[in-house]
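Have a look at the structure below, then the notes.
Quick note on labels: first sequence line is chain A, next is B, and so on, each numbered from 1. This one's a predicted model, so the numbers in the text were calculated from it and none came from an experiment.
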Number of protein chains: 2
Amino acid sequence: MPQNESVEDRPVLGVRARARVELTRAIVETARRHLAQDGPANLSLRAVARELGMVSSAVYRYVPSRDDLLTLLIIEAYDALGAAAEKAEAKVPRTDLDARFVAVGRAVRAWAIEHPHEYALIYGSPVPGYAAPQDTIAPATRVPTILIGILADAVAAGVYDPAAAPGVPAAVRRSLGPVRAAIPDVVPDDLVVRGLMAWSTLLGLVSMEQFGQFHNVLAEAASQREAFFTEALRRTSAVTTRTPAARP
Amino acid sequence: MPQNESVEDRPVLGVRARARVELTRAIVETARRHLAQDGPANLSLRAVARELGMVSSAVYRYVPSRDDLLTLLIIEAYDALGAAAEKAEAKVPRTDLDARFVAVGRAVRAWAIEHPHEYALIYGSPVPGYAAPQDTIAPATRVPTILIGILADAVAAGVYDPAAAPGVPAAVRRSLGPVRAAIPDVVPDDLVVRGLMAWSTLLGLVSMEQFGQFHNVLAEAASQREAFFTEALRRTSAVTTRTPAARP
DNA sequence: TCCAAAACAAGAGCACTGCTCTCTGTGGAA
DNA sequence: TTCCACAGAGAGCAGTGCTCTTGTTTTGGA
C-alpha cells in the first residue's frame, strides 16, 4: 500500500524521468547564471555543457536549441520581475493608489538594476527570432496585471469618476480592443489610455537608464537617480488615476 | 596652374588615401545594409568582406573590430533619426507647440518602423561593450535638442509661466545637474522634469511597440496603432508644456 | 631618381560558436 | 529476461572574430 503519496505524484516519475527534470533544471539554472554574468549575446550552450561536465551534444537531449534556452530564461525573468513587483505592492496599503504605483515602479527599477542582463533580455531588443513564443505572454502580464488592479481600484474608490471621463476618439477606442478584454468594464477607455501611457513611461524611464540614455543627462549618484525616478513616478501616478479636470 | 581647386581640397589626398576613404565608406554602407536586413546580432564582418570581394583580414585595415563597425552604424543611425525628426518638426508652425511635439514623436516612430534594426541598435539593449563610446553622444542629442527647443519656446511664448512653476525637491534638482547645462536657464526645473518624462514616454511607447510589448494589447492594424500613438503623444504634450494648475 | 618605409591584400590558422549525425552502452518497461 | 528508447560521447560541418605571416604596391623623403 503506497504511503504518503499525493494525487499529483500518482504517475510516479521513474528514476530516469526524475533525473531528466533535474538535469533540465540544472541546465537552465547554469544558463541563468551565465546570462546574468555575460549577457544574452554571450550565452553559450557549449559553455553551459562544459560547466555541467557534459559534452555539448548531450545538452540537446534536454533543450532543443539555444533560442529555446533563451526562451526559458525569458519566462524565468518575467516571473522573477513579476514576483518582485507583487511583493513590493503588497507591502503598501491598498487605499493609497499613488503609493502602490510608485512601489511597483521602484520595484521594477530595482530589479532591473540588480539583473541588468535579464531586464535587457525581456524589455530590450529581441535577441532570438522575432516572434515571441506563446509561452512568454502569460508571465509577461504579471506586472501589467498589478497596474490594471490599481486602475480598477481608482474607479472603485471614487478617485477616478467614470461619469466625468471624457470619451476617446473612435479610432483610439478600436485600437484598445485586445487590452480591453483584460480590463474590467468599469474602467473607461480614457483611463485605459492613461494606464498604457503610465506603463510606457515607467518602462521608458527604466530602459533609458538601463541602456545608458541618461548618461550626461542625469547625475550618476544612485541617491540622485533614485530621487528623480521616484519624482517621475509620483507625477505619473498623479496624472493617471485622478479624475480628469473638466475642460472649459 | 591648378584649376577649380577649392581650399578644402588643397591637401590633395593621394590615390591611396582616396581609395581608403572610399573603401571605408563602402564597408560601412554594406554593413548598414546587412544590419538593416539581418539585425545587429547577425552582422558578420566576413560576410561584408565577402560581398566586397575581399578577404576578411583585409577589412581589418579599415575597421579595428566588429564592435567599432557597429559604433559607426550607431552614429549613422542617430544622425538619420535626428534628421528625420528635424525635418518633420520644421514642417509645423513654430507657434503650435503641441503639433511640434507630436510631429517629432510621429517621426521617431515612423523611422523606427522603417528601420527596426537600426532603432534596436540605438535604443535597445547595448550590443557591444557596455560603455557607449564618446563619438556617439553628440549625434544622440539631436532629437532631445529639438524637444528642448519646444520647452524653451513654451516659456518664451508664455504658454508655460515660470512664475507659476512649482519647485522640485532638492534631491531631484541635484539629479538634473548634467542636463541643466544643455537647457536655457529660463526653463525651470519643473519643466525640465516634465520634458524628461515626455521623452521617456515617447521612447517607451516606440520601444514597447517595436519590441513586441504591445502584442495582445493593442490592435495590430497600422491605422489603429497610429491613432493610439498620436493620441498618447497629444496627451503627453498637453501635460508637459502647459502652465501647471495651482495646487489648492 | 631611387629606396626604405608604410600601407595593403591574401592566406593560413586559432579558438570559439550552434547544431547534426553516428555510435555505444544502459535503464526500465513488457 | 529481452528489447528498445534514451542518454551520452565523439567527430564533424559551417560559420564566426581576430591575429600573424608573406608577398606586393604605393608613397614620401633623401
Atom [atom1] of [X] and atom [atom2] of [N]: how far apart are they, to the nearest Å?
X	N	atom1	atom2	result
A/Asp67	C/dC19	CG	C1'	12 Å
B/Asn42	C/dG18	CG	P	14 Å
A/Leu70	C/dG18	CG	C1'	12 Å
A/Arg20	D/dC6	CZ	C1'	9 Å
A/Leu45	C/dG18	CG	P	5 Å
B/Arg66	D/dG15	CZ	P	17 Å
A/Arg50	D/dG10	CZ	P	14 Å
B/Asp38	D/dT16	CG	P	11 Å

Nearest to the [X] side chain among [options], which nucleotide is it?
X	options	answer
B/Val55	C/dA10, C/dC19, C/dC8	C/dA10
B/Met54	C/dG18, C/dA10, C/dC16	C/dA10
B/Arg61	C/dA9, C/dC16, C/dT20	C/dA9

Answer with base, sugar-phosphate or nothing: what part of the nucleic acid does [X] contact at a heavy-atom distance below 4.0 Å?
X	value
B/Leu23	sugar-phosphate
B/Ser44	sugar-phosphate
A/Leu43	sugar-phosphate

- Item | Lys/Arg N to Asp/Glu carboxylate O, A/Glu22 vs A/Arg25, below 4.0 Å | no
Indicate whether the side chain of [X] and that of [Y] have a donor and an acceptor atom separated by less than 3.5 Å.
X	Y	value
A/Ser125	B/Ser125	yes
B/Tyr119	B/Ser207	yes
A/Glu51	A/His34	yes

- Query: With sequence neighbours excluded, what pairs up with B/Tyr62 under the ring pair (Phe, Tyr, Trp, His ring centres under 6.0 Å) test?
  - Reply: none
- DNA chain C: B/Ser56 or A/Ser57, which has the more 5' nearest nucleotide? B/Ser56
- Between A/Arg46 and A/Tyr62, who's closer to the 5' end of DNA chain D by nearest nucleotide? A/Tyr62
